[in-house]
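To start, the structure under review is shown below, and the notes come after it.
Side chains included, hydrogens not; waters and symmetry mates left out as well; all remaining heavy atoms used. In listed order, ligands and their atoms are each counted from 1. Throughout, numbering of the chain's residues begins at 1 and tracks the sequence.
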Amino acid sequence: MVREAQDDCLVFFHAREDSSFRPMHTTPGFPTLAIVDHPLVQHKLTLLRDQHTPTKIFKELVDEIAMLMAYEATKDLPLEERSVETPLERTTGFHVAGKKLTLVPILRAGLGLVEGVLRLVPSARVGHIGLYRDHDTLTPVDYYFKIPGDAAERDFILLDPMLATGGSAVSAVDSLKRAGATRVRFLCLVAAPEGIRRLVAAHPDVQIYTASLDRELNEQGYILPGLGDAGDRLFGTR
Ligand code: PRP
Ligand code: URA
């Protein structure tokens with residue numbers, strides 16, 4: 001269900017006038033990008049993009065997509081063997097080392113992704129990074145940081161619906177690594193090529209999951225075609 005970017009080739013998708021998707025061109029060098037192109041994710045993402053989708057439905061869709069994407073983003077989590085007694089006999093099963101997984105939403109829009117992921121991994125811890133993008137300079141301003149103490153022992157999934165210039169994502173990963181994190185994934189719904197390039201250049205070890213790689217940024221740093229301001233649409237603050 002995940003279309004892994006090839007080592008040397010990344011297929012960009014671009015919305016056509018008839019709303020179907022087609023490969024546009026290839027770009028070398030994004031081995032850490034995975035595009036979750038499951039039909040349910042793509043269906044729900046299209047509803048999210050619709051400017052007429054109301055806040056309540058927008059929030060529900062973000063939650064559902066987060067859960068579906070978490071399924072893909074956790075598929076290489078380490079398993080521990082454990083013994084289980086069926087009604088017939090004892091056998092060996094598995095147990096996800098879930099308590100070491102830590103979700104870190106980037107405030108505020110990242111909050112919309114937390115519950116959906118937690119539904120799949122309820123024992124995950126949740127840290128928070130507070131960042132906002134200055135409207136004029138587009139550079140991230142950080143205002144809050146709280147994660148569990150044993151960062152080096154943990155697998156982190158940073159959550160943010162939008163990867164635009166990449167400034168917020170790079171700053172968030174910088175902060176996690178300063179705190180001792182060594183294993184970080186980044187899960188977003190919509191990414192711009194500019195943001196992917198910047199995050200890959202700064203943190204080539206971070207696996208990135210997105211539901212869509214969109215076309216470009218506009219002059220205000222919004223993703224095109226995008227879905228608008230994710231925080232405002234989630235919390236109804238437009
Ligand atoms: C949005 C989004 C990302 C950031 C992406 O947040 O949720 O955090 O912009 O942009 P970048 O890749 O160019 O840094 P915003 O700063 O609008 O804050 P909010 O979540 O509080 O609305
Ligand atoms: N932040 C958003 O919420 N949307 C964009 O398109 C870019 C940054």
So is there a nitrogen or oxygen of [X] less than 3.5 Å from a nitrogen or oxygen in ligand 1?
X	result
Arg133	yes
Ala109	yes
Ala169	no
Gly166	yes

Closest non-hydrogen atom pair between Pro105 and Leu111, with its separation |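 Result for this residue pair: CB-N, 3.8 Å.
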
Heavy-atom closest pair, residues Thr210 and Leu189 |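 What the structure gives for the nearest pair is OG1-O, 3.3 Å.
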
Which protein heavy atom lies closest to [atom], and at what distance to 0.1 Å?
atom	answer
atom 4 (N) of ligand 2	Gly228 O, 2.8 Å
atom 4 (C) of ligand 1	Ser168 OG, 3.6 Å
atom 13 (O) of ligand 1	Thr165 OG1, 2.6 Å
atom 17 (O) of ligand 1	Asp229 OD2, 4.2 Å
atom 19 (P) of ligand 1	Arg108 NE, 3.6 Å
atom 5 (C) of ligand 2	Tyr222 CD2, 3.4 Å
atom 6 (O) of ligand 2	Ile223 N, 2.8 Å

Quick test of your reading of the model: are [X] and [Y] salt-bridged, counting only N-O distances below 4.0 Å?
X	Y	answer
Arg197	Glu194	no
Arg185	Asp76	yes
Arg108	Asp232	yes
Arg183	Asp205	no
Glu60	Lys56	yes
Arg178	Asp174	no

Hey, which atoms in ligand 1 end up nearer than 4.0 Å to a heavy atom of Tyr132?
->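 Listed by number with element, the hits are 16 (O).
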
Can you find a protein heavy atom closer to atom 6 (O) of ligand 1 than 4.0 Å?
->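 Under the 4.0 Å cut-off, atom 6 (O) of ligand 1 has no protein heavy-atom neighbours at all.
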
Any non-hydrogen protein atom less than 4.0 Å away from atom 1 (C) of ligand 1 |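 Flag for atom 1 (C) of ligand 1 set to false, no protein heavy atom closer than 4.0 Å.
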
Give the atom numbers and elements of ligand 2 that come within less than 4.0 Å of a heavy atom of [X].
X	result
Ala164	7 (C), 8 (C)
Gly221	7 (C)
Arg133	7 (C), 8 (C)

For a quick check under 3.5 Å, do [X] and [Y] share a side-chain donor-acceptor pair by atom type?
X	Y	result
Thr137	Asp134	yes
Asp229	Tyr222	yes
Thr102	Arg154	yes

Ligand 1-proximal atoms of Asp160, by part, heavy-atom distance under 4.0 Å |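 The answer is the side chain of Asp160.
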
Is there any N or O on Ala230 that sits under 3.5 Å from an N or O of ligand 2?
->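 Between Ala230 and ligand 2 (N or O atoms, distance only) the closest approach is under 3.5 Å.
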
Is the Lys NZ or Arg CZ of Arg198 less than 6.0 Å from the centre of Phe186's six-membered ring, within 45° of the axis?
->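 No; the conditions do not both hold, so Arg198 does not lie above the ring face of Phe186.
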
